[in-house]
Protein chains: 2
Amino acid sequence: MSPADLSAGLDYVRLHVALERLFRLLRRDTQPSGLSLTAASTLRNLELNGPRRLTDLATDESVTQPAMTQLVSRLERDGLAERTTDPTDGRVVLVRVTPAGIALMQRRRAIRAQHLAGLLSTLNEEDERLIAAALPALERLGGVTGGIA
Amino acid sequence: MSPADLSAGLDYVRLHVALERLFRLLRRDTQPSGLSLTAASTLRNLELNGPRRLTDLATDESVTQPAMTQLVSRLERDGLAERTTDPTDGRVVLVRVTPAGIALMQRRRAIRAQHLAGLLSTLNEEDERLIAAALPALERLGGVTGGIA
DNA sequence: TATTGTTATACTCTATAACTATA
DNA sequence: TATAGTTATAGAGTATAACAATA
């Protein structure tokens with residue numbers, strides 16, 4: 001009934017709805033770690049790329065500079081990140097993740113992977129195989145404008 | 001390097017990270033419609049199921065009753081939903097979506113599907129085919145505990 | 001007394017506008 | 001003057017606790 005079936009038979013509305021439902025499921029698990037999506041993404045950014053300017057973080061995460069200022073202040077208050085200075089430019093604030101921040105991210109990933117495993121255990125082998133096969137494609141899909149990259 | 005490769009060769013951490021990145025990408029597009037994920041999900045719920053009690057909506061969407069009270073107030077203020085009464089029980093508030101709410105959801109789905117199509121156009125045919133093949137499995141994955149259940 | 005919903009209060013997260021400090 | 005960051009203010013969205021109305 002829809003003209004959305006295109007080149008590869010992919011219905012975008014269906015994919016969008018399916019992804020959104022998964023998002024909501026995963027988001028519900030956000031509570032345990034207490035990290036918002038942006039907070040988690042920022043910590044991951046710092047894990048991967050090392051100390052980073054506040055302005056760059058704001059750009060990477062698609063939030064405004066004031067929003068990032070506040071997020072970093074909360075992370076700092078909670079001991080998950082630290083502000084340092086740039087010796088070569090007095091205006092710059094460099095942000096880095098702390099060991100506690102890294103530990104929290106590790107726990108978070110483990111917990112959410114476990115939850116995802118629980119969800120997947122309700123699927124049959126074939127479905128799981130299909131998702132595994134599509135995973136690299138999904139990674140590329142998210143990576144394109146994913147920011148950070 | 002990880003013991004996460006299990007039955008079907010599916011790495012849960014990788015899947016979780018990939019979904020989370022996609023999540024952030026789609027969320028960035030939330031602005032155009034101005035609807036939060038919960039607001040959109042609630043309107044969709046009302047579209048599918050018809051008028052619904054405020055308490056049931058709170059349960060469906062996994063938020064507290066006061067949070068749903070406020071969300072419905074915002075939706076009502078914006079003309080997207082309406083409160084009505086239940087003739088058989090004076091305590092009950094029934095919420096229903098308005099034509100404007102339905103129209104907004106239709107626009108939102110079209111816009112986001114279009115954006116998804118744009119993202120997918122950067123992938124090659126094979127990747128798109130793999131995602132199309134996995135879509136029903138992803139739908140089942142999201143549907144399993146989608147909710148409510 | 002139990003259920004349904006609202007109000008009060010507080011915190012996160014976001015934005016825009018105005019400001020400070022450094023270059 | 002331009003750049004980096006903060007502060008001020010406002011609003012969405014969430015939670016818990018206390019309350020009001022109806023059953």
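Each chain gets a letter, A, B and so on, in the order the sequences are listed, and its residues count up from 1. Just so it is clear, the structure is predicted and the values come from calculations on it, not from any experiment.
Dashed line: the shortest gap from a side-chain N or O of B:R83 to OP1 or OP2 of C:dT6 is under 4.0 Å. For D:dG5, the OP1/OP2 oxygens have no side-chain nitrogen or oxygen of A:T69 closer than 4.0 Å. Considering only side-chain N and O atoms, B:T64 lies under 4.0 angstrom from the phosphate OP1 or OP2 of D:dA15.
Salt bridge status for A:E61 with A:R52: absent, with no side-chain N to carboxylate O gap under 4.0 Å. Salt bridge B:E20/A:R44: absent, no basic N to carboxylate O contact under 4.0 Å. By the 4.0 Å N-to-carboxylate-O rule, B:R108 lies too far from B:E47 to be salt-bridged with it.
Considering all non-hydrogen atoms of both residues, A:A81 and A:V95 come closest at CB-CG1, 4.2 Å. Minimum heavy-atom separation, B:V13 to A:A113: CG2-CB, 3.7 Å.
Separating the CD atom of B:Q65 from the P atom of D:dA17 is a distance of 15 Å, rounded to the nearest angstrom. As rounded to whole Å, 13 Å separates atom C1' of D:dG5 from atom CG of A:L57. Distance A:Q70 CD to D:dA8 P: 11 Å, rounded to the nearest Å. Note: CG (A:L35) to C1' (C:dC11) measures 15 Å, nearest angstrom. Note: CG (A:L54) to C1' (D:dG5) measures 7 Å, nearest angstrom. Rounded to whole Å, atom P of D:dT16 lies 15 Å from atom CE of B:M68. In this structure, the CG atom of B:L37 is 13 Å from the C1' atom of D:dA12, given to the nearest Å.
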- Contact pattern, 5' to 3', of nucleotides 17-23 of chain C - B, S or - by protein heavy atom under 4.0 Å: B----BS
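Nucleic acid contact for A:T55: sugar-phosphate only, since backbone atoms but no base atoms lie under 4.0 Å from a heavy atom of the residue.
Put simply, the side chain of B:M105 reaches to within 4.5 Å of the side chain of B:L35, judged on heavy atoms. Within the 4.5 Å cutoff, the side chain of B:T55 has no heavy atoms near those of the B:V93 side chain.
Between A:A67 and B:R53, it is B:R53 whose nearest contact on DNA chain C lies nearer the 5' terminus. Comparing A:V92 and B:A39, the nucleotide of DNA chain D nearest to each residue sits closer to the 5' end for A:V92.
Sorted by residue number, the members of residues 73-81 of chain A with any non-hydrogen atom under 4.0 Å from DNA chain C read A:R74, A:R77.
Picking from C:dT14, D:dT6, C:dT6 the nucleotide with the shortest atom distance to the side chain of A:V93 gives D:dT6.
Sorted by first and then second residue, the side-chain hydrogen bond (donor to acceptor under 3.5 Å, both in side chains) pairs involving residues 92-106 of chain B (not counting sequence neighbours) are B:E82-B:R96.
Using a 3.5 Å distance cut-off with no hydrogens or angles, the side chains of B:S41 and A:R21 do not pair a donor with an acceptor.
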